[in-house]
Amino acid sequence: MTKQRWLANLLLLVVAILVPTIFKTPYLVHLFVLSGIFALFSLAYDIVIGMMGQFSFGHQALWGLGAYISALLAVDTGVSPWFTIPAGAIGTGIFGFAMGWISLRLRGAYLGIITLGFAVILQEVIINWKTVTHGWLQVLRIPAPKLGDTALNTPFSYYYLVLAFLLLTIYFIKSIQRSRFGRGLAALRENEQRAISLGIPIFKYMVVAFTISATLSGLAGALFAHYVHTINPNTLATSYLWAALIIVLVGGSGTLGGPLIGTLLFIFVPEWLRMAAALRFAVFGILIVVCVVFVPEGLYPRLLSLWNRFIVSRVKG
Amino acid sequence: MIEPLNKITTKVEPVAILEVKKLSKDFGGLRAINQIDVDVQEGEILGVIGPNGSGKTTLYNLITGFLKPTEGQIRFKGKPITSMRSHEIAARGIGRTFQLSSIFSNLSVRENVIIGSHLRARDGIWGSFFRTKSYKEGGAELEQRVTKTLTFMGMEKQADQVAGSLPYGDQRKLELATTLALDPEILLLDEPATGMNPQETETMINLVKLIQEQGKTIVIVEHNMKVVMELCRRIVVLDYGVKIAEGMPEEVTTNEKVISVYLGRKRKWINAKS
């Protein structure tokens, strides 16, 4: 990594840690907590979209499943969230493994449809298996994790919990990118047939990557559940899928910075647009379309290339 | 030093590294490959020629597992590989190139060759996450292998160029470099010289010779007879999925059946021979 990059990352880390101190308003910190959770989900989603180059329209179910597993264990069996959150992630990972193992025999639109099918089935199960999931009666009073005697149920305290998981996830994804496995994923994304002819076991790699993506999505969902304290079958709504998809496309798929920038924009631009009152979401929608049409590679890659051009011209001049 | 009591002298017999036995492939009602028997001997350069549509690429697809045969068997180093998955076959040591240059266009030349070395790379996720010593060693090892391969192909200067931006001849060289990085025992080349100018063709011929000298076996599907005559010690001729001739270049090019199949191109053949 260049010294420039290293310093930039360090600066961002320091700013991230100081966010609650800089932005004292609870509501602002709350927005940052949501940003952290959605960033985690979007990074997980981008493993399939960007790193693997495949479709998935089922990730909202993985997010919701993680939320439900963790919430139900904490509420109905009294286990500490410190255990239920990882349990939610792992349980979702197991489901994701089965989902991937079945679905990844297909490609393109077919893969999209079958993953969507899984999501719909899961949502129906959650609605109808009332004895276990509470159905539409919701899962209420989901406890926040406790540090000693203090519950982490303020935006301020929860922010650091989310930040810790997010940083771990970023490092993990970086490790994948720098590894043999990550290169294999890039290869099968770029030219599947060629990857096969070079000995790369693409089905195995895709299922593993999908499982990792599912596990992290479940983690994000679980963190969401213990923050908002109430979940119901709408937690598996496609709205969460569109959020992740927009974040990834606008920010830039296949990169680490893309989902991060995309999440900040997705959470904060609507707030800034409150000045447009009733037109708020119409304008938001138009902005999204403009981004995807004029900056198809994503805002983060575009900003990077502009930065490089700016720096190069400064150095040359 | 203790001298061995019995110095066993074995007669060096040609070993068939790849055996294709009674191979057939039907696509619905069309028999694209019909009862083909071919043995590829270790260390040789075998040419496979024939008109377009005679089944040459289909043969490659069958050998490498991209297609499943209707009948017949394929053995590699004595072991049957007919029902194996493609990537397993590649991992066993059969490398191939494609008729339409198959590279990772959005990645750099270096990254292409790194992916070629995938099976030999030692930098897995665990090592990457925990920054282990073996991860770092694996990374350095990989660097070395890649540099060696690129230097062998004469592509070191282009290492950081985006593969898609290379001229066509260099893309084909890159495809060959990537296949070499796999370190296969046998390479199946599909029209490696097609689309190249005479200079690029000459370079390709020399590279193939060098690869053979390293001990690899090579099969070449080619239309360019100059390449075939210069490189191949044996040639197999296909027509409509059937092997119609096999033997040394001189025999094959004077074979009447072969000539009639290439009707109208007799003159080209005679020129190529000289």
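Below, chain A is the first sequence line, B the second, and so on; all start at residue 1. Everything quoted here is computed from the prediction, not taken from an experiment. All values below come from the heavy atoms of this structure, side chains included, with hydrogens, waters and symmetry mates left out.
Contacts with chain B were tallied for A:Phe203, A:Phe181, A:Tyr171; A:Tyr171 has the most, counting heavy-atom pairs under 4.5 Å. The most heavy-atom pairs under 4.5 Å with chain A, out of B:Ala121, B:Ala91, B:Gly124, come from B:Ala121. Among B:Arg92, B:His118, B:Arg85, the residue making the largest number of heavy-atom pairs under 4.5 Å with chain A is B:His118. When each of B:Leu119, B:Leu142, B:Leu182, B:Ile114 is checked for heavy-atom pairs under 4.5 Å with chain A, B:Leu119 comes out on top. With chain A as partner, the option from B:Ala90, B:Ser128, B:Gly139 having the largest number of non-hydrogen pairs under 4.5 angstrom is B:Ser128.
In this structure, A:Trp63 and A:Phe41 have tilted ring planes: the angle between them lies in the 30° to 60° band.
Remark: B:Tyr168 OH is packed, more than 12 non-hydrogen atoms of other residues, nucleotides or ligands lying under 6.0 Å away.
Within the cation-pi definition used here (under 6.0 Å to the ring centroid, within 45° of the axis), B:Lys25 qualifies as a partner of B:Phe27. Remark: A:Arg302 fails to qualify as a cation-pi partner of A:Tyr300 under the 6.0 Å distance and 45° angle criteria applied to the six-membered ring.
The backbone N or O of B:Thr147 lies less than 3.5 Å from no partner atom in the side chain of B:Glu156, so there is not a single donor-acceptor pair. Formation of a donor-acceptor pair under 3.5 Å by the B:Gln171 side chain with backbone atoms of B:Leu166 is found in this model. Under the 3.5 Å distance criterion, the side-chain polar atoms of A:Arg178 are left unmatched by any main-chain donor or acceptor of B:Asp123.
With a threshold of 4.5 angstrom between heavy atoms, B:Thr64 does not approach chain A through any atom at all. Residue B:Ser117: no heavy atom, backbone or side chain, is found under 4.5 Å from chain A. With a 4.5 angstrom heavy-atom cutoff, A:Gln177 does not touch chain B via any of its atoms. In this structure, chain A has heavy atoms under 4.5 Å from both the backbone and the side chain of B:Ile125. Heavy-atom distances place no part of B:Glu111 under 4.5 Å from chain A, backbone and side chain included.
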